[in-house]
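Order of the sequence lines sets the chain letters (A, B, ...), proteins ahead of strands, with each chain counted from 1. Just so it is clear, the structure is predicted and the values come from calculations on it, not from any experiment.
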There are 2 protein chains.
Amino acid sequence: METRFVEKATNAIADKYRLSILMELSRKGSLTSTDIQEMTGLSQPCVSHHVKLLTDSGLVNAQKEGRNLHLTLNKESLQQLSGFLNNLT
Amino acid sequence: METRFVEKATNAIADKYRLSILMELSRKGSLTSTDIQEMTGLSQPCVSHHVKLLTDSGLVNAQKEGRNLHLTLNKESLQQLSGFLNNLT
DNA sequence: ATCAAACATTTAAAAGTTTGAATGTTTTTG
DNA sequence: CAAAAACATTCAAACTTTTAAATGTTTGAT
């Protein structure tokens with residue numbers, strides 16, 4: 001089943017920095033790693049780590065554009081997760 | 001905002017045992033800690049710990065009935081979480 | 001070609017989580 | 001009341017996650 005996805009996706013959300021990244025992606029549409037560094041005050045390697053967790057979970061899409069990493073929400077997977085939780089009720 | 005709830009709830013879900021407890025609660029309607037022990041093979045203290053995380057998160061209701069702990073899903077909070085995630089998209 | 005900017009990787013320390021053994025509490029049963 | 005059943009708590013070991021310093025890679029500007 002999709003339980004591995006649910007586990008990885010909820011784990012990706014379950015952190016204050018990563019949750020704030022998701023919310024900011026939702027508000028702004030897209031962000032770069034540098035944007036996230038400025039927004040969180042975290043070190044660059046730490047941001048890189050959090051971004052990797054988010055992209056590995058499938059909740060965030062990453063696309064290299066020149067030397068920038070262009071991050072966007074993966075709406076389909078967020079909706080899939082939302083639907084899974086709703087189906088439990 | 002509700003971000004602390006989202007953090008705690010997703011954290012509660014983000015574990016294979018706790019996710020399976022939620023899914024079994026969804027299927028069966030209710031469980032006791034002993035049911036969960038049998039179902040997971042985990043030790044009693046470990047089950048107690050996972051149950052506490054689930055109830056502290058607000059996703060699961062616990063009610064003492066004699067010496068048993070009667071666990072049920074908190075559907076409202078699951079729907080709240082589902083709605084939050086859906087609103088990000 | 002040089003330099004700088006953006007991001008990734010490696011590594012190690014600090015902090016947090018998971019697990020079960022031992023023990024404690026409460027409730028039911030004989 | 002004694003014993004057992006169900007759950008909670010304390011504790012310590014094993015494991016995982018988070019963080020940043022150091023370093024590496026790639027891309028763009030001069």
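For the pair A:Gln63 CD and D:dT26 C1', the computed distance is 17 Å after rounding to whole Å. Across the protein-nucleic acid pair, A:His49 atom NE2 and C:dT9 atom C1' stand 12 Å apart, rounded to whole Å. A straight line from CD1 of A:Ile36 to C1' of C:dC7 spans 12 Å, rounded to a whole angstrom. The interatomic distance linking B:Tyr17 (OH) with D:dC15 (P) rounds to 14 Å, in whole Å. Rounded to a whole Å, the NZ atom of A:Lys64 is 10 Å from the P atom of D:dT26. Atom P of nucleotide D:dT27 and atom NE2 of A:His70 are separated by 18 Å, given to the nearest angstrom. In this structure, CG of B:Leu53 is placed 10 Å from P of C:dT19, rounded to the nearest angstrom. As a whole-Å value, the separation of B:Asp35 CG from D:dA5 C1' is 14 Å.
Across all strands, A:Ser43 comes closer than 4.0 Å to base atoms (heavy-atom distances).
Between B:Asn11 and A:Leu69, the one whose closest nucleotide on DNA chain C sits nearer the 5' end is A:Leu69. Comparing B:Cys46 and A:Lys16 along DNA chain D, the residue whose closest nucleotide (by nearest heavy atom) sits nearer the 5' end is B:Cys46.
Summarising the geometry of A:Leu31 relative to A:Ile21, their closest heavy-atom pair is CD1-O, 4.1 Å, with the distance given to 0.1 Å.
The side chain to side chain contact (heavy atoms under 4.5 Å, CB included) test with B:Val47 singles out one residue from B:Thr34, B:Asp35, B:Thr32, B:Ile36, and that residue is B:Ile36.
Residue B:Asp15 has its side chain nearest to C:dT18 when only C:dT18, C:dG20, D:dC7 are considered. Which of D:dT18, C:dT10, C:dT19 sits closest to the side chain of A:Pro45 comes down to C:dT10. Distances from the side chain of A:Leu42 to the nucleotides D:dC7, C:dC7, D:dT19 place D:dT19 closest. Closest contact between the side chain of B:Thr32 and the listed nucleotides D:dC7, D:dA20, C:dT9 involves D:dC7.
B:Asn74 contributes atom CG, which lies 11.0 Å from atom CG of B:Leu22 (distance to the nearest 0.5 angstrom). Here the straight-line distance linking atom CG of A:Leu42 with atom NE2 of A:His49 works out to 11.0 Å at 0.5 Å rounding.
When the side-chain nitrogen and oxygen atoms of A:Arg67 are compared with OP1 and OP2 of C:dA4, none of them lie within a distance under 4.0 Å. A sub-4.0 Å separation between OP1 or OP2 of D:dA8 and a side-chain N or O of B:Ser48 is present. Between B:His50 and the phosphate of C:dT19, there is a side-chain N or O to OP1/OP2 separation shorter than 4.0 Å.
Between the side chain of A:Gln44 and the base of C:dA6 there is no donor-acceptor pair of N/O atoms closer than 3.5 Å.
Remark: side-chain polar atoms of B:Thr89 are not paired, donor with acceptor, to backbone N or O of A:Gln79 under 3.5 angstrom.
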